[in-house]
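To start, the structure itself, in structure tokens.
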Protein chains: 2
Amino acid sequence: MEEQFYTYQYPHPAITVDCIIFGFDGQSLKVMLIQRKSEPFAKMWALPGAFVDEAESLESCAERVLQKEGNISGVYLEQLFTFGLPSRDPRERVISVAYMGLVKTADFELIAGNDELQIEWRDISEIPDLAFDHSQILQTAIDRIRGKIRYQPIGFELMNAKFTIPQLQQLYEAILGKSLDRRNFRKKLLSMQILKQLSEKQQNVAHKAASYYEFDRERYEVLMKEGIYLELV
Amino acid sequence: MEEQFYTYQYPHPAITVDCIIFGFDGQSLKVMLIQRKSEPFAKMWALPGAFVDEAESLESCAERVLQKEGNISGVYLEQLFTFGLPSRDPRERVISVAYMGLVKTADFELIAGNDELQIEWRDISEIPDLAFDHSQILQTAIDRIRGKIRYQPIGFELMNAKFTIPQLQQLYEAILGKSLDRRNFRKKLLSMQILKQLSEKQQNVAHKAASYYEFDRERYEVLMKEGIYLELV
DNA sequence: CCAAAAGTGTTTATAGTACACCCATGC
DNA sequence: GCATGGGTGTACTATAAACACTTTTGG
């Protein structure tokens, strides 16, 4: 490694971006965790993250993390919160800007990085103790996604382009951790007119085949511009 | 000033906390702005802020800014967003964590700091161009407070301990930028049972005296623990 | 023909919205 | 007694919530 130093007149903390990547596999809500190779917290599970490069924006840094861990791009990302307690990293002062991402697990091919022993999707109901303050960061993210999915159609980011209404409902139930009434869920969803029904139907299922829909993003943008507030659950 | 240097193996950006302090004076919603003395952006108006000290948390830094600008403490503060575009400060890479605060203007005695020409409360409908990306930061804060006041009783932070319902309504109208129905506002507010009526009434007003209320914080905490979602407007 | 999940409508309760008149006070 | 803003109630509308049966498909 090249020896180089950066000098400042005042102390500058280090900045990382840590990513909470939620994934849906059709059954339950997962989160991407890595197992650390090095100290501090070697062998512990943690959120994937990276130090912010000199010339990249915070969001670009989050995108870079996603590239690194699964060679994926173009996904939904939003800034969650910035964690900055002086003691949160034992090495030096490190401020972490957390980003939350939503993906379909099937789109990801998880690749453990150089400094990672393993990388896995973990069900959000079975999360081990995490390194640093990452348990707290993850809890903040879970609270955020639960609150947010009630009034913004972020759930579509976790579904394939075409999906059935019961599949979408399963996602909502996985995120909210409770079951919803089938009839009311469907009624409310269809009344928003943000779904386009496709002619295609499910195949090879041992019950009545559900029909596929896709998210009508254009229609959604129009509604948002009109300031219409979509409460989805 | 003592000459001292801080050296790191990797580039470390500088971190500031910038504060959007909203104040209410009984009439309209204001925001605290300072006029910069030094370059860059000398003489331009900006949000008050400070570089984060080595040993303080981000929130402590925001509290320190409030102390410095008006010798005030113990006010409502929440983290808004972190702004980190590489080009947002012409001197060096500076990442800014923005905090939003809510205060009563009467509690503040504005004191221009060493590096400030002036400090003022400015009506949010009359904001000049601001230094750095502060116009964008302020807009983000206005959007946040408008969204947030609809379902959390943050408005009480901007009122005196005792207030009348029409006074509180005036605050809501100032924040939301539209007028609300008196009867429905009162009905909804009282139905939440988060107000305690005092025996005291307004004095020396040329109309029927309104009665004073205070916010029942204890009752509010109970409702929040039960997961009850208070939509206030 | 049975199991399994999809699809469909109605009724009831609750909350939101719109709206008009009387009341107390200072001048 | 009049101008000013405070306080109250009701009817209407819209949305949320609860709930049971029929349909399609594979095995």
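For the numbers below, each heavy atom of this structure counts, side chains included, while hydrogens, waters and symmetry mates do not. Protein chains get the first letters and strands the later ones, always in sequence-line order, with residue 1 at the start of each.
Residues B/Lys208 and A/Arg182 each lie close to DNA chain C; by heavy-atom proximity, the contact nearer the 5' end of the strand is made by A/Arg182.
Comparing D/dG26, D/dC19, D/dG5 by their nearest atom to the side chain of B/His207 picks out D/dG5. In this structure, of D/dG26, D/dG9, C/dA6, it is C/dA6 that holds the atom nearest to the side chain of A/Arg186. In the set D/dG9, C/dA5, D/dG6, D/dG6 carries the atom at the smallest distance from any side-chain atom of B/Pro166. With distances taken from any side-chain atom of A/Arg183 to the nucleotides C/dT8, D/dT8, D/dG26, the minimum falls on C/dT8.
Between B/Asp181 atom CG and D/dT8 atom C1' there is a gap of 12 Å when expressed in whole angstrom units. Distance B/Gln170 CD to D/dG5 P: 10 Å, rounded to the nearest Å. We find that NZ of B/Lys201 is positioned 9 Å from C1' of D/dG7, with the value rounded to whole Å. Whole-Å rounding puts the B/Asn184 CG to D/dA11 C1' distance at 13 Å. Rounded to whole Å, the distance from CD on A/Gln202 to P on D/dG26 is 11 Å. Counting to the nearest Å, the P atom of D/dG5 and the CZ atom of B/Phe185 are 18 Å from each other. Atom CG of A/Asn204 is separated from atom P of C/dA3 by 22 Å (rounded to the nearest Å). Here the P atom of nucleotide C/dG7 and the CD atom of A/Gln169 are 11 Å apart, to the nearest Å.
Note: A/Phe24 and A/Phe22 fail the aromatic proximity criterion, with ring centroids not under 6.0 Å apart. Remark: aromatic rings of A/Phe156 and A/Phe163 are close, center separation under 6.0 Å.
For the residue pair A/Pro153 and A/Leu232, the shortest heavy atom distance occurs at N-CD1, 3.8 Å. Among all heavy-atom pairs drawn from B/Pro48 and B/Met32, the shortest one is CD-O, 3.4 Å.
Within the nucleic acid shown, A/Thr164 has no heavy atom closer than 4.0 Å to any nucleic acid atom. Residue contacts shown for A/Lys187 include a base, since a base heavy atom lies under 4.0 Å away.
When A/Lys201, A/Lys162, A/Gln197, A/Gln202 are each tested for a side chain to side chain donor-acceptor pair (under 3.5 Å) with A/Ser211, only one passes: A/Gln197.
Taking only side-chain nitrogens and oxygens, B/Lys188 never comes nearer than 4.0 Å to OP1 or OP2 of C/dA15.
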